[in-house]
Structures are given as structure tokens and as C-alpha cells.
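Everything below concerns the one structure shown next.
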Amino acid sequence: MTKRTNHADLSREDAKLDSVKSKRELAEAFCATGDEAANDGDFDDAFDKYQRALKLDPNSVRARVGLGKTWLEFEEYRRALDEANRALAIRNDYAPALELRGHATRLLGDYRRAIDDYNQALARDKRASGALYGRAIARDMLDEVDDALSDFNACIKIAPDFVYAYYDRAVLLANEKRYAEAIQDYSKALELEPEFVHCYVARGEALVELGEPQRAIADFNAALELDPDYPDAYFYRAAARRALGDARAAKRDLQTARELGFEE
């Protein structure tokens, strides 16, 4: 005997499928607005949007990675690592999740394991500039200077407006006493982000080392215009003023730096 089709059951199944589809679509919409908030630096709003996405679709790897990135911004590195692992349990070849786990692991101090994650991310997406940047930092921490520079260079080629790639490459170059090159990178970072206070101070330090204390003082002054209570700017301006023979002004700056909490 032929069984009749139960149209009511089919309708209910279709409704369930439509409901699942609409939840996933809404979750994706929350992820998109979360990404926008994160790009604007509003990490509290981004965090809220990713959590709402996960309530709708707990298997959204995009939301897991977004949430993990906000945990990084909140300096909750183990929670970021947990989200990366949850995303990879759902999709083990997802390059952004591998990159996120690399960042979390690096910030927890396990540089070798971080490099392994970055390698896996880059094997799946050769243009993952964030993975190149993270691997450069990890390699620098392991004193693999040439490899770190190679990664910074590759990152900047892919993402020429990546401010922190220029800044951190400059830090590496300054540590290698390649001050003229470091100053070029600090200058590029400041061109991209004119209110990058610490970059003014770092460029000023490099200028002092290069024997240009007057130019350095201009950078320290620029930093203090943006943040009048920034102790590092006073401390390193003191060094520049000493180099110019202005011992009295240098002493005042040094005292101010200490009063603001600078630890030598």
C-alpha cells in the first residue's frame, strides 16, 4: 500500500530549515557588524555582536574567531586561545582560527608553537598578513632576526598600510642599531597614524642614538602635545637635552618622568 505524503510534516520540516537558515544569516549579519565595530576600535560593541551571533549559530567559526580577537584586545589570552580551539574543532583548516591561535600562543610566551600555527595558517592563505606579522614578532623574540625581517617585509608588501608592521620592524632595526632605517619605518608609521604617541618617542630615541638630539626633542614635544603625562617622553627628552648641554632642563625632565611613574 502506497503511503500518502503528509504535507503537514513536510511543511514543518521546511519551516525548521528556513528557521535554521534565517538564524545563520542573522548570525552572519551580527558578525559583519562586529567586524565593523572592531575595525573602528569599539571592542565592547564587537564583543556583544559576536556573542549574539554565537547564540544564533554556535558553530559559526567566524564568530568564534571574532570573539577570540576581542579577547586579545582585552588581554585575555587564554580565553582567546579557547575560542581558537573551539573554532578549529568545528573546522580544522580555517586559516583565521589558526592565526588567532598563533597570536594567543605567542602572547602567552610559547613562540615555537605560535610559529607552527602561523605556518599552518600561511599554508592555507599565503596572503595572511596578520600571520606574517605575528610570525615576525615570534621570530624576533627568538632572535631569528633575518627571518623576522623577511616576514615583516612580506607583510608590508601585502598590507602596505599596516601601521604596526612598520613600527615593529623599526623596533627590530633599532635593536640592531640600524637607526637610519628604523627612523624611516617610524616615519612611515606616523604618516599612517599621526597620533601614534609612542612612535614619536621611539623615533626620538633613534634620533638621539643617531646624534640628532634637536630633531629628537621635536618628536618628544609632539608626543607630549598628544599626552602631557607620558613619562617616557620626559625621560628620553632628558637624554636629548643632556646631549645638547642643557643639564638643568634635562634634570627637570628626569624628575617629571619619575614623578609620573617612569621606572629606569
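Throughout, numbering of the chain's residues begins at 1 and tracks the sequence.
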Determine, for K251 against D253, whether the closest basic-nitrogen to carboxylate-oxygen distance falls under 4.0 angstrom. no

Is there a path of hydrophobic side-chain contacts, each under 4.5 Å between heavy atoms, that joins V171 and F196? yes

Can you tell whether the side chains of E28 and R62 come within less than 4.0 Å, N to carboxylate O? yes

Return all side-chain donor-acceptor pairs below 3.5 angstrom for residues 123-131, not counting sequence neighbours, or 'none' if the list is empty.
{"from": "R124", "atom 1": "NH1", "to": "Q120", "atom 2": "O", "distance (Å)": "2.9"}
{"from": "D125", "atom 1": "OD1", "to": "R127", "atom 2": "N", "distance (Å)": "3.1"}

Check the surroundings of atom NZ in K49: do more than 12 heavy atoms from other residues, nucleotides or ligands lie under 6.0 Å from it? yes

For the ring pair F235 and F220, is the centre-to-centre distance below 6.0 Å? no

I would like to know whether D140 and D151 meet side chain to side chain contact (heavy atoms under 4.5 Å, CB included); could you show each step before the answer? CA-CA 10 Å; D140 187 21; D151 278 343; over 6 Å; no

Side-chain heavy atoms nearer than 4.5 Å, only ILVMFWY residues, links allowed to pass through others: does that put Y77 and F74 together? no

Step by step, work out the side chain to side chain contact (heavy atoms under 4.5 Å, CB included) result for L81 and R101. CA-CA 5 Å; L81 181 60; R101 190 168 69 181; 3.4 Å; yes

Suppose we screen for side-chain hydrogen bond (donor to acceptor under 3.5 Å, both in side chains). Which residues come up paired with E73, at least two apart in sequence or across chains? none

Applying a strict under-4.5 Å side-chain criterion to I, L, V, M, F, W and Y, I'd like to know whether F47 and V61 cluster together. no

Between the side chains of N221 and R237, is a donor N or O closer than 3.5 angstrom to an acceptor N or O? yes

Give me the other members of the hydrophobic cluster that L122 sits in, counting Ile, Leu, Val, Met, Phe, Trp and Tyr linked by side-chain heavy atoms under 4.5 Å, directly or via other members. L132, I158

Are V197 and Y166 connected in the hydrophobic side-chain network, where two residues link if heavy atoms are under 4.5 Å apart? yes

Indicate, with yes or no, if the rings of H103 and Y118 have centres closer together than 6.0 Å. yes

Report the residues that fulfil ring pair (Phe, Tyr, Trp, His ring centres under 6.0 Å) with Y186, sequence neighbours left out, ordered by chain and then residue number. Y167

Same apolar cluster (I L V M F W Y, side chains within < 4.5 Å links), I90/L88: no

N153 and R169 side chains, donor-acceptor separation under 3.5 Å: yes

Close aromatic pair by centroid cut-off 6.0 Å: Y133 and F162: yes

Between R203 and E191, does any NZ, NE, NH1 or NH2 come within less than 4.0 Å of an OD or OE carboxylate oxygen? no

Nonpolar side-chain network containing L244, other nodes, edges under 4.5 Å: I217

Please tabulate, for side-chain N and O atoms in residues 223-230, each donor-acceptor pair with protein atoms closer than 3.5 Å (sequence neighbours left out).
{"from": "D227", "atom 1": "OD1", "to": "D229", "atom 2": "N", "distance (Å)": "3.2"}
{"from": "Y230", "atom 1": "OH", "to": "H198", "atom 2": "ND1", "distance (Å)": "2.4"}

